[in-house]
Amino acid sequence: MREIPSAYNSKTTEDKWYNLWESKKFFRAEPDAKRKPYTIVIPPPNITGILHMGHALNNTVQDILIRWRRMQGWNAEWLPGTDHAGIATQNVVEKMLAKEGIKRQDLGREKFIERVWKWREQYGSTIISQLKRLGCSCDWDRTRFTMDEGLSNAVVEVFIRLYEKGLIYRGNYIINWCPRCQTALSDEEAQHKDLNSFLYYVKYPVKGENRHVTVATTRPETMLGDVAVAVNPKDARYDNLIGETLILPLMNREIKVIADEIVDPGFGTGAVKVTPAHDPNDFEMGRRHNLEPVVVMNPDGTMGKNAGDYSGMDRFEAREAILEDLKEMKLLEKVEPHAHSVGHCYRCHTVIEPYLSLQWFVKMKPLAKAGIEAANSGKIKFYPDRWTKVYLDWMENIRDWCISRQIWWGHRIPVYYCGKCQKTSEGKKGISVSRVRPQKCPDCGGRDIVQDEDVLDTWFSSWLWPFSTFGWPEKTKDLAYFYPTSTLVTAQEIIFFWVARMIISGYEFMGDAPFKDIYIHGTVRDEAGAKMSKSLGNIIDPIEIIDEFGADALRFSMISITAAGQDVFLSKEKFQLGRNFANKIWNAARFVITNLSEDVDTDLCVLYKTADLTLADRWILSNFYSTLEGLDKALESYRFSEAANLLYDFIWHKYCDWYLEIAKSRIKEKNTQIILYKVLEKSLRLLHPIMPFITEEIWNSLPHKRDSIMVQPWPHLQKDLIDKKTEGDMDLAIGIITAIRNIRAEVNIQPHKFCNAIVTAGSGKSRGAMEKSLDYIKNLAKLESLEVAEKLKRPKASSISVFGDCEICVPLDGLVDIEAEKKKVMSKIGELEKYANSIEVKLRNRNFTAKAPKEVVGKEKEKLDEAKVSLDKLKGNLKRLES
RNA sequence: GGGCGAUUGGCUCAGUUGGUUAGAGCGCCACAUUCACAUUGUGGAGGUCAAAGGUUCGAAUCCUUUAUCGCCCACCA
């Protein structure tokens with residue numbers, strides 16, 4: 001017998017096995033025409049990222065799928081990598097430089113980018129090594145980075161193709177501007193939050209008259225850039241004002257009152273200030289009425305040179321100052337509390353400015369068509385399905401994508417300008433969109449060529465991820481084999497950012513969807529339901545959990561509490577679930593291994609088909625294969641918690657609680673040892689995708705000759721071994737054992753003491769089942785003798801119970817509390833009568849018997865018969881007790 | 001303004017197409033420690049499924065309305 005520690009220690013196993021898997025290249029997949037690929041591309045974490053619970057959930061799910069499919073014989077490829085995360089990374093490096101007292105402008109563009117690359121070398125693979133601790137079986141040899149040469153080529157190629165199709169354009173529009181990051185953002189990058197703010201009513205005097213118009217605004221500081229006041233043309237109140245000239249307070253500029261349909265007469269005063277440079281609606285209005293925008297703010301959020309006396313102030317200071325001044329001039333009519341939603345930068349949470357500037361855009365409408373059809377036709381499927389609608393709503397109302405960013409870290413826009421032409425042609429000439437820097441201007445031949453200063457949105461590289469990572473635009477073998485991928489696993493937060501855009505680009509550049517299934521898992525939250533975030537300090541660090549509980553415990557716990565697509569509420573205690581389960585398996589394995597005789601040939605897979613199997617043997621096999629069947633179904637439909645719970649229930653409550661306990665009394669028998677071993681060995685395989693480390697550790701303690709569990713085949717479903725009759729027979733035995741244990745507890749028979757029992761079976765079926773389970777009942781109920789009687793001979797002092805159509809009687813030494821017995825029996829009779837009655841009512845209902853399926857009616861009849869048998873027995877006993 | 005999700009025992013949640021005397025984990029109560037496991041075992045208590053109405057032979061499950069909480073989207077001056 002081997003020495004095996006009595007508790008599973010994850011610390012001594014995890015690295016060992018991970019290194020082995022890696023060194024044996026088990027994660028590697030090569031194109032192989034003879035095998036079907038199963039491909040997942042990882043949602044590339046940011047290089048600034050540190051593994052958090054969201055990653056842990058996301059990657060556990062992917063690893064489960066990959067390991068499961070790999071064992072099933074698919075050529076499983078999980079392609080890993082990281083995202084350069086333009087703004088996030090630039091922010092991090094800038095912060096680091098700030099500690100040295102350096103600004104990026106001090107370094108200059110090239111030097112700064114050098115520093116970012118250096119930073120990336122040092123810290124950029126933190127998350128990769130953390131994924132390894134989690135057990136992820138990624139094909140690390142194919143690790144990609146969105147700024148790799150290949151992926152950068154893909155980005156340029158895509159830009160050029162879209163530009164040439166007329167789907168990329170440059171223009172002056174209102175975009176979301178983050179004054180802190182000092183860059184444009186896409187609509188998706190502006191996160192709207194409801195703020196309790198104020199609506200300020202400001203009087204604008206009519207020129208030369210003693211009257212005024214009152215406008216309502218939430219952002220008084222932008223009034224400095226007003227170019228008009230607008231009213232609805234149908235608004236009778238303002239009929240006589242349209243066309244009048246107003247004096248813009250504080251600036252003393254003359255502006256007109258204009259009429260525009262967009263103005264809602266019901267809001268505020270029905271008159272609205274028009275600020276085309278600082279509001280998207282006003283911008284459109286300004287265009288309609290040929291009004292020149294006036295920009296009053298600088299890119300850093302301070303007031304600009306057009307802001308008069310307020311120039312140089314911060315935007316929020318300026319707001320206060322302006323309100324003060326208006327108050328003094330008696331032009332502030334009133335202030336009302338007003339809740340409205342305000343955009344915030346998704347990177348630094350600064351309040352966003354709608355800002356007029358020159359940016360690059362992608363025309364999305366024509367690109368979205370194929371992706372809409374794909375979801376409608378079911379070619380692409382979301383799990384859970386409700387996300388289809390969310391996706392379609394966005395796709396059908398898609399807006400142009402602002403892709404230029406005024407930062408340095410990222411893919412530089414492949415556009416070159418001729419200095420001379422740009423000056424003379426209003427910017428319309430001298431533009432080259434090119435893979436390489438042009439030698440001279442295509443229009444004038446001039447050599448004063450400069451590249452666009454901006455870089456592209458990070459997502460402009462991520463949206464190509466499913467094919468750029470396999471070599472696109474080259475026609476590589478990898479691309480042909482692994483694309484389209486099989487499943488995308490991601491979180492709801494990036495459906496628009498990433499999922500939808502990948503589908504768009506997949507159809508545009510590959511002519512096919514990038515994946516078939518999209519599994520959207522929930523958001524990981526703390527116990528109170530808040531998102532986990534550093535600033536809230538409510539983070540549970542996965543690495544700490546791995547250190548304390550083990551990676552398998554983390555994975556199992558996480559999966560088992562995550563119902564499909566629902567948010568996960570985590571607390572540290574919840575990881576005990578997985579840790580305890582791991583320990584349970586460990587000890588079951590310890591028992592099986594240490595009891596295995598040297599001469600048992602564990603390679604004999606077919607033995608249990610021909611040998612005489614006991615009821616318990618057949619029962620555990622039947623349960624095993626039911627579990628396997630359910631497990632496959634659960635995984636196929638992305639119901640991971642169900643998969644985990646099926647395994648938990650089978651291993652703990654079937655295999656350990658019952659089969660193993662029954663096996664103890666016949667542990668010397670080879671058949672028992674073999675079944676114990678086989679079921680354990682197969683269960684380990686089923687468990688491996690969720691708990692890779694402990695299953696590998698135990699696998700290696702088994703007396704077998706194969707090297708690793710992760711390359712073993714997935715057990716084959718043997719449907720013929722699933723046997724409902726066997727399960728029913730065993731249920732009876734379990735019921736009788738439980739009933740006897742119950743009696744023992746009630747009458748305080750000490751656990752180590754033996755007692756006797758007499759059981760009467762109500763039917764031949766039950767008698768047959770009883771015969772097969774006499775030993776189990778004797779052993780597990782701690783009986784000295786078990787008598788199976790045709791008709792009950794009840795000793796005077798005894799306690800009874802009923803299970804199904806069987807009556808269980810435990811004779812007692814000495815006195816029995818007759819009253820307590822009576823009470824117990826009566827309460828059971830009450831319960832049963834209620835139950836039987838409810839069935840009788842049902843069966844008396846002609847509608848039921850006529851309309852319900854025969855099976856259902858038959859089932860009800862059976863239930864009633866059984867209940868009646870039990871009732872008769874209980875009533876007989878009550879009589880005896882009373883006499 | 002629109003959409004989505006949640007509401008089941010003390011806590012956290014399952015419950016797949018309507019047919020179980022509604023399940024689990026944790027917690028709780030009682031008992032148990034030579035004999036795989038106290039990261040354990042055995043037994044037990046505890047809910048009628050947010051509310052109202054409807055469909056149906058039959059509803060936690062489908063429909064309508066309402067309430068509470070949460071999330072997403074929207075050109076809410």
Side-chain angles (χ1 to χ4, degrees), chain A residues 4 6-8 174 192 194 199-200 215-219 222 230 262-264 267-275 279-284 338-341 354 384 386-387 389-390 393-394 397 492-493 495-496 522-523 525 527 529 549 553 560-567 569 571 573-574 576-577 579-595 633-634 637 639 641-642 645 648-649 653 656-657 660-661 664 738 741-746 748 750-752 780 831-832 834-836 838-839 842 845-853 855-857 859-860 863 867:
Chain A
I4 304 173
S6 71
Y8 171 61
I174 296 273
H192 291 269
D194 280 337
L199 195 56
Y200 304 96
V215 300
T217 178
T218 52
R219 300 198 305 146
T222 64
I262 200 172
V263 180
D264 172 9
F267 189 92
T269 60
V272 58
K273 61 198 248 346
V274 181
T275 323
D279 182 281
N281 277 332
D282 294 4
F283 177 75
E284 293 300 326
H338 180 69
H340 66 141
S341 88
R386 64 172 184 274
W387 296 111
K389 201 170 162 271
V390 175
D393 281 350
W394 188 80
N397 298 298
Q492 157 250 308
E493 290 94 351
I495 290 178
F496 307 144
T523 304
R525 300 172 182 281
E527 277 179 293
F549 297 92
S560 81
I561 62 177
T562 308
Q566 291 297 345
D567 287 356
F569 297 83
S571 65
E573 292 73 47
K574 290 192 173 165
Q576 288 170 1
L577 171 77
R579 195 250 337 243
N580 295 355
F581 185 45
N583 198 56
K584 189 73 182 176
I585 300 156
W586 180 255
N587 277 290
R590 200 159 69 102
F591 175 83
V592 174
I593 294 165
T594 51
N595 280 294
K633 274 188 191 150
S637 47
R639 298 196 306 263
S641 66
E642 190 178 317
N645 293 330
Y648 185 91
D649 184 64
H653 296 308
C656 292
D657 285 356
L660 211 139
E661 290 304 323
K664 278 179 183 171
T738 307
R741 283 171 171 173
N742 187 354
I743 291 173
R744 291 179 57 117
E746 271 171 359
N748 277 321
Q750 292 298 302
H752 61 273
L780 297 188
E831 244 173 64
L832 264 173
K834 222 170 122 192
Y835 172 54
S838 74
I839 304 174
K842 220 185 244 182
N845 184 340
R846 278 196 201 150
N847 275 324
F848 173 69
T849 46
K851 290 185 183 172
E855 286 171 12
V856 175
V857 178
K859 231 190 211 170
E860 292 298 317
K863 281 199 268 181

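To find a chain, count down the sequence lines: A is the first, B the second, and so on, and within it residues start at 1. Quick caveat: nothing in here was measured; it's all calculated off a predicted structure.
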Among [options], the one nearest [X] by side-chain distance:
X      : options             : value
A:A852 : B:A36, B:C57, B:U12 : B:C57
A:N742 : B:G44, B:C73, B:U21 : B:G44
A:R590 : B:A36, B:A77, B:C57 : B:A36
A:L199 : B:C37, B:A77, B:A36 : B:A77
A:H653 : B:G25, B:U39, B:A77 : B:G25
A:P751 : B:C31, B:G3, B:A36  : B:C31
A:T738 : B:G43, B:A77, B:G41 : B:G43
A:D657 : B:C4, B:U39, B:U42  : B:U42
A:K842 : B:U20, B:U40, B:U39 : B:U20
A:R386 : B:A32, B:G5, B:G19  : B:G5

If we only count heavy atoms from C-beta on, is the A:F569 to A:I561 side-chain gap below 4.5 Å? no

Any heavy-atom pair between the side chains of A:F267 and A:V272 that's under 4.5 Å? no

Tell me the interatomic distance from [X], atom [atom1], to [N], atom [atom2], rounded to whole angstroms.
X      : N     : atom1 : atom2 : result
A:N847 : B:U56 : CG    : C1'   : 10 Å
A:H752 : B:U34 : NE2   : C1'   : 13 Å
A:Q492 : B:C4  : CD    : C1'   : 10 Å
A:H192 : B:C72 : NE2   : C1'   : 12 Å

Counting any heavy atom closer than 4.0 Å, what does [X] reach on the DNA or RNA strands: base, sugar-phosphate only, or nothing?
X      : result
A:K633 : nothing
A:I839 : nothing
A:H338 : sugar-phosphate
A:F581 : nothing
A:K859 : nothing
A:P354 : nothing
A:D567 : nothing
A:V263 : base
A:L832 : nothing

[N] versus [M] - spacing of their [atom1] atoms, nearest Å:
N     : M     : atom1 : result
B:G58 : B:G18 : C1'   : 8 Å
B:A6  : B:G43 : P     : 35 Å
B:C11 : B:C73 : P     : 32 Å
B:A24 : B:C49 : C1'   : 15 Å
B:A14 : B:G23 : C1'   : 7 Å
B:U68 : B:U8  : C1'   : 16 Å
B:U16 : B:A77 : P     : 43 Å
B:U40 : B:G25 : C1'   : 16 Å

Between the base of [N] and the side chain of [X], is there any donor-acceptor pair under 3.5 Å?
X      : N     : result
A:E746 : B:A30 : no
A:S341 : B:C76 : yes
A:R639 : B:U16 : yes

Applying a 3.5 Å limit to both distances, which nucleotide forms a Watson-Crick or G-U wobble pair with [N]?
N     : result
B:A77 : none
B:A30 : B:U42
B:A60 : none
B:U20 : none
B:U68 : B:A6

Under 5.5 Å centre to centre and under 30° between planes: does that hold for A:F848 and the six-membered base ring of B:C57? no

Spacing of CZ belonging to A:R744 relative to CD belonging to A:Q750, to within rounding of 0.5 Å: 9.0 Å

Mind listing the closest non-hydrogen atom pair of A:L199 and A:H338 along with its distance? N-CB, 3.6 Å

Between the side chains of A:D649 and A:H653, is a donor N or O closer than 3.5 angstrom to an acceptor N or O? no

Look at the side-chain N and O atoms of A:K574 and state whether any lies under 4.0 Å from the OP1 or OP2 oxygen of B:C11. no

